[in-house]
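Each residue takes its place number in the sequence, starting with 1.
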Amino acid sequence: MSTEDFKKLLHRYNAGKCTQAEKALLESWYKEFEFQKLPELTNDQLAEILSIQTPPPQQKIKSLIPWISSAAAVLLLCLSAGGYLLWHKHSLPQAAEKYTYQVPPGTDKAILTLANGRKMVLSGNQAGKLAEQGGVTVDRTADGKVLYSSSEKQNPMATTLYNTLNTPRGGQYNLVLSDGTKVWLNAASSIKFPVAFNGNERKVEITGEAYFEVIHDANKPFRIIAGNEIIEDLGTQFNVNSYTDEPLAKVTLISGSVKINGNTKNITLKPGQQSQFAGQGFKITDNADVAEAVAWKNGLFKFHKASLPTVMRQLSRWYNVNYEGKIPDVEFSGEITRNVNMSEVLDILSYLKVRFKMTQNNQNIIIEGTE
């Protein structure tokens with residue numbers, strides 16, 4: 001957003017002519033900065049930066065306009081540095097009408113493949129027993145999890161049975177394994193796992209992205225195969241991002257400890273660290289942005305100086321759309337809730353001089369970047 005665009009937006013707000021999306025954008029900025037220390041600028045300095053003659057505000061926006069004059073300099077600096085966008089779930093725009101299609105956000109849905117090959121489509125909120133395999137009961141809980149529970153009938157010497165849970169583009173799902181380990185699967189992801197963990201280790205395989213809260217057992221280590229990495233739990237909560245269309249495989253440690261084996265090198269992460277693996281070796285980031293890594297699990301997109309392709313890869317998986325067209329050199333920082341329509345997200349991004357249009361090819365929605 002240029003300085004001139006920002007000035008026009010402020011004028012429209014003062015005149016009561018803002019759209020719902022524009023009004024929500026300004027108010028979300030206000031809520032983000034209202035508790036932060038703003039620079040000490042004189043009225044003359046502010047006037048020089050903004051060149052705005054703010055009319056006396058109406059009573060209903062009285063608390064916003066005086067602040068916005070003080071904070072605008074901060075916002076303009078952020079915007080001129082490459083696009084700083086703030087959007088929170090308490091400040092949502094109305095659906096944008098300029099786009100042809102209203103693409104809804106993803107939902108809780110997945111396909112569970114049992115050991116006998118039977119596939120079960122999981123969606124909606126029906127609870128109850130799904131299956132019983134090898135002495136393990138598979139239930140769907142009222143809050144939408146798939147829960148594996150061992151019983152006394154389970155034979156520890158029995159042949160290991162495997163299930164697979166797949167989330168499509170536009171889906172996510174929660175799973176509780178038979179040892180109590182909790183797994184959250186992001187869109188376009190999968191996990192293959194034993195119905196019961198027999199033997200002296202617990203091993204699962206994933207594609208895409210998953211968040212784990214592992215029940216630690218020193219006598220039976222928990223290992224995750226993700227592409228070319230093997231991740232071993234040492235008592236942890238962590239996020240694994242191993243999408244094949246991402247340039248780096250990332251493991252972000254929230255608490256505890258994990259050991260990662262990638263080709264010929266082993267590393268151990270501490271809380272707050274993130275490993276980045278590109279097939280050749282590791283890079284470890286201290287003080288990683290943990291909130292950004294797990295934002296998807298908490299219902300948010302969170303970006304920090306992210307390129308447009310990075311943003312669109314995440315949006316494409318969640319909204320099940322494809323992106324084509326211009327790739328402007330712009331970076332995004334900030335948050336967008338994941339529970340709004342695609343058109344609303346595009347409307348927000350358009351404030352940073354990125355233009356989009358929606359087209360349809362057969363059943364596929366295509367988002368095109370334009371001039």
Quiz item: Side chain of S307, backbone of E331: donor and acceptor closer than 3.5 Å?
Solution: no
Quiz item: Strictly under 6.0 Å, is that where the ring centroids of F238 and F212 end up?
Solution: yes
Quiz prompt | Side-chain donor/acceptor of T236 to backbone N/O of L234, under 3.5 Å | solution = no
Quiz prompt | E232 versus R223, closest heavy-atom pair with distance | solution = OE1-NE, 3.2 Å
Self-check item: N186 versus Q172, side-chain donor and acceptor atoms under 3.5 Å
Solution: no
Exercise. Please determine if R317 and D245 form a salt bridge, counting it only when a charged side-chain N lies under 4.0 Å from a carboxylate O.
Key: yes
Exercise. Decide, yes or no, whether a salt bridge links D179 with R202 under the criterion of side-chain N to carboxylate O below 4.0 Å.
Key: yes
Quiz item: Do I267 and L269 come close enough that some side-chain heavy atom pair is under 4.5 Å?
Solution: yes
Quiz item: Can you get from F332 to I367 by hopping between Ile, Leu, Val, Met, Phe, Trp and Tyr side chains that sit under 4.5 Å apart?
Solution: yes
Quiz item: Between the side chains of W184 and N239, does any donor sit under 3.5 Å from an acceptor?
Solution: no
Self-check item: In one Ile/Leu/Val/Met/Phe/Trp/Tyr side-chain cluster, 4.5 Å: V321, Y243
Solution: no
Exercise. Verify side-chain contact (heavy atoms from CB on, under 4.5 Å) between Q237 and Y211, making sure each step is shown before the conclusion.
Key: CA-CA 8 Å; Q237 297 178 12; Y211 176 87; 3.1 Å; yes
Enumerate donor-acceptor pairs with a distance under 3.5 Å from any side-chain N or O in residues 113-120 to protein atoms, sequence neighbours excluded.
residue : atom : partner : partner atom : Å
T113    : OG1  : K119    : NZ           : 3.2
N116    : OD1  : R118    : N            : 3.0

Practice problem: Spell out, as yes or no, whether a donor-acceptor pair under 3.5 Å connects the side chain of S178 to the backbone of S149. | Solution: no
Quiz item: Any donor and acceptor pair, going by atom type alone, linking the side chain of S190 with main-chain N or O of I206 inside 3.5 Å?
Solution: no
Quiz prompt | Cluster overlap V258 with L177, hydrophobic side-chain contacts below 4.5 Å | solution = yes
Quiz item: Is a side-chain N or O of S150 found less than 3.5 angstrom from the main chain of V136, in a donor-acceptor match?
Solution: no
Exercise. Could you tell me the separation between the CD atom of E205 and the OG1 atom of T164, rounded to the nearest 0.5 Å?
Key: 8.5 Å
Quiz prompt | Cation-pi geometry met for R313 and Y323 (6.0 Å, 45°) | solution = no
Quiz prompt | Side chains of Q133 and Y148, donor plus acceptor under 3.5 Å | solution = no
Quiz item: Are F303 and F356 in one and the same hydrophobic cluster, where Ile, Leu, Val, Met, Phe, Trp and Tyr link if side-chain heavy atoms are under 4.5 Å apart?
Solution: yes
Quiz item: Is there a chain of hydrophobic side chains (I, L, V, M, F, W, Y, each step under 4.5 Å between heavy atoms) that links V251 to V204?
Solution: yes
Exercise. Could you check K220 against E201 for salt bridge (Lys or Arg N to Asp or Glu O under 4.0 Å), going step by step and ending with a plain yes or no?
Key: CA-CA 5 Å; K220 188 179 285 192; E201 72 170 355; over 6 Å; no
Quiz prompt | Greater than 12 external heavy atoms within 6.0 Å of K302's NZ | solution = yes
Quiz item: Within a radius of less than 6.0 Å around NZ of K297, do more than 12 heavy atoms belonging to other residues, nucleotides or ligands occur?
Solution: yes
Quiz item: Does NZ or CZ of R169 come closer than 6.0 Å to the centre of the six-membered ring of W318, within 45° of the ring's axis?
Solution: no
Quiz item: Counting N and O atoms only, with roles assigned by atom type, does the side chain of E292 sit under 3.5 Å from a partner on the main chain of D289, one being a donor and the other an acceptor?
Solution: no
Quiz item: T141: what forms a side chain to side chain donor-acceptor pair (under 3.5 Å) with it, not counting sequence neighbours?
Solution: D143
Exercise. Step through the shown structure and confirm whether more than 12 heavy atoms of other residues, nucleotides or ligands are within 6.0 Å of NZ on K109.
Key: yes
Quiz item: Any side-chain donor paired with an acceptor under 3.5 Å for S343 and Q102?
Solution: yes
Practice problem: Could you tell me whether the side chains of N261 and N266 share a donor-acceptor contact shorter than 3.5 Å? | Solution: yes
